[in-house]
There are 2 protein chains.
Amino acid sequence: MLKAQFDHSNCSDCPIRHRAVCAHCDAHELEELEDIKYYRSFEAGQTIIWSGDQMNFVGSVVSGIASLTQTMEDGRTQMVGLLLPSDFVGRPGRESAPYDVLATTDVVMCCFRKKPFEELMNHTPHIAHRLLQMTLDELDAAREWMLVLGRKTAREKIASLLSIIARRDASIAPKGKSAPIVFDLPLTREAMADYLGLTLETVSRQISALKKEGVIELEGKRHVTIPDMRRLMDEAGDDSDGGFLN
Amino acid sequence: MLKAQFDHSNCSDCPIRHRAVCAHCDAHELEELEDIKYYRSFEAGQTIIWSGDQMNFVGSVVSGIASLTQTMEDGRTQMVGLLLPSDFVGRPGRESAPYDVLATTDVVMCCFRKKPFEELMNHTPHIAHRLLQMTLDELDAAREWMLVLGRKTAREKIASLLSIIARRDASIAPKGKSAPIVFDLPLTREAMADYLGLTLETVSRQISALKKEGVIELEGKRHVTIPDMRRLMDEAGDDSDGGFLN
DNA sequence: AAGATACCTTGACTGAGATCAAGTGGAAAT
DNA sequence: ATTTCCACTTGATCTCAGTCAAGGTATCTT
């Protein structure tokens, strides 16, 4: 069903057209991409790519959320990337995947066979340049996350994660700064724990605590309301006037 | 003194010629780079770039070690990158620096004024392509580090850091796998702590413990011998046959 | 030579988060 | 309707690393 929704779809109608790796492409370049692209759907929980496997495609997340995950032999796991719509998966020039890629929700991906994509990239500076931009952004995000993992308390970690998810959804929010932000958590408590370097019990306790103190409101287990974004960002230990609110 | 050593030097004699952002450049491109490059030296402990400052240059570390560091308002700090010779500093297209860049040892940098470099990059795919490669490598390193920060014990963290430094110096080592690896720690205990998300006391204790158990040997506070690399990698919690030893 | 400084080590105690365990609630399966 | 299952919550206890404090050692200053 989901698949059909995107099959044969034209790039110009694509929801991630202006943010994905193809964002800077002109009409001609887009045609070349259309020739080698295909869509694939994955159900929540499915593994999209296994660490160590041959990678014969690269691609963009069109809808849904995927995660990059590293696992130690004894089972400890750490999420090392959260892939949102428009994010790119795979590395041109690399043979095998360094991490597991998991579908956290149902996911649709726009895939390109790796070889043709690499060739296309070599004579299409627009793609290479956009990929560089996106990679630099991801590197910044990874480094921000290193501060969270290395130095923040459990409470600050949770608040940081909620801030990030809220910020992403806030683009739709009205101008008024004080308007409450509402969203659904796309992650289980366990996935949050794997992202934050915590146990799921600690995640649960901290969410309960933030709820009890009115920093967040919860309806069911996933539906979150942030009455005061500034308060949440204080709890995250971020500079309260940094970036998001001005 | 250090400065003179590199002033007016020709790119073809440069120690990082084949690994830096200029690695793929041909003779003509190198000439263009020579026109806009200049060298700067920094003493150990000096700040190379302040977070938030205007960045009017980008460049490569030629010798020495620098670090990218993030600091919270209350003083907690996390190192988010370790810059070794050939590593690139700065982001084309960005105005202000997102992190502090500190000289951990004496450092020599090969700098390019940002504007000319950006223009040069636009019509020099060799540079853009190499920068993409390097950025993807850094992203991998950052993600590997996220596993260390999020899921490893203090002991594993120290062993991981020692492995990384040892691996870097091991390129010079003879073929025989069992040959002990010897190097000097380029970081203070505090810098190690900032890299690992620990306190300096914990770093000191874990190093003492590894020494007592014969995993490492110490001469003075900085001179390290690794009698058995495989043992160290076991302590790091890494797959013992992953990557380094085969 | 004596003091100052920077870097490091070690000990005693504390506490945040992990671990172990039991229980809740809601949705799907039978 | 009730069983099963999964995601989540909550409690009791434990432990690893943080905190606070004292002392050591090498180098630099005066």
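Computation of the quantities below employed the complete heavy-atom set of this structure, encompassing side-chain atoms and omitting hydrogens, waters and symmetry-equivalent molecules. Residue numbers start from 1 in every chain, and the chains themselves are labelled A, B, ... in the order their sequence lines are given, proteins ahead of strands.
At the phosphate of dA17(D), neither OP1 nor OP2 sits under 4.0 Å from any side-chain N or O atom of Arg155(B). Phosphate contact (OP1/OP2 of dC8(C), side-chain N/O of Arg222(B), threshold under 4.0 Å): present.
The interatomic distance linking Glu190(A) (CD) with dT19(C) (P) rounds to 13 Å, in whole Å. Regarding Arg151(B), its CZ atom lies at a distance of 14 Å from the P atom of dA17(D), rounded to whole Å. Computed from coordinates, the Leu149(B) CG to dG17(C) P distance equals 16 Å when rounded to whole Å. Between Lys221(B) atom NZ and dT27(D) atom P there is a gap of 10 Å when expressed in whole angstrom units. With rounding to whole Å, Leu218(A) atom CG is found 14 Å from dA7(D) atom C1'. Rounded to whole Å, atom P of dC8(D) lies 16 Å from atom CD of Glu219(A). Counting to the nearest Å, the P atom of dG17(C) and the CD1 atom of Ile158(A) are 10 Å from each other. Regarding Arg189(B), its CZ atom lies at a distance of 18 Å from the C1' atom of dA17(D), rounded to whole Å.
For residues 190-200 of chain B, the salt bridge (charged side-chain N to carboxylate O under 4.0 Å, His left out) pairs, not counting sequence neighbours, are Arg151(A)-Asp194(B).
Counting heavy atoms from C-beta outward, Gln206(B) and Leu198(B) have side chains that stay 4.5 Å or more apart.
Side chain of Thr105(A) to main chain of Ile65(A): a donor-acceptor pair is present (N/O by atom type, distance under 3.5 Å, no hydrogens or angles). Gln78(A) places a side-chain N or O within donor-acceptor distance of the main-chain N or O of Tyr195(A), the cut-off being under 3.5 Å. A donor-acceptor pair is defined here as one N or O able to donate and one able to accept, closer than 3.5 Å; such a pair exists between the side chain of Lys157(B) and the backbone of Leu196(B).
Contact check of residues 191-209 of chain B against DNA chain D (heavy atom, cut-off under 4.0 Å) returns Gly197(B), Leu198(B), Thr199(B), Glu201(B), Thr202(B), Arg205(B).
Taking Phe88(A) as the reference, Phe117(A) meet the ring pair (Phe, Tyr, Trp, His ring centres under 6.0 Å) condition, with sequence neighbours excluded.
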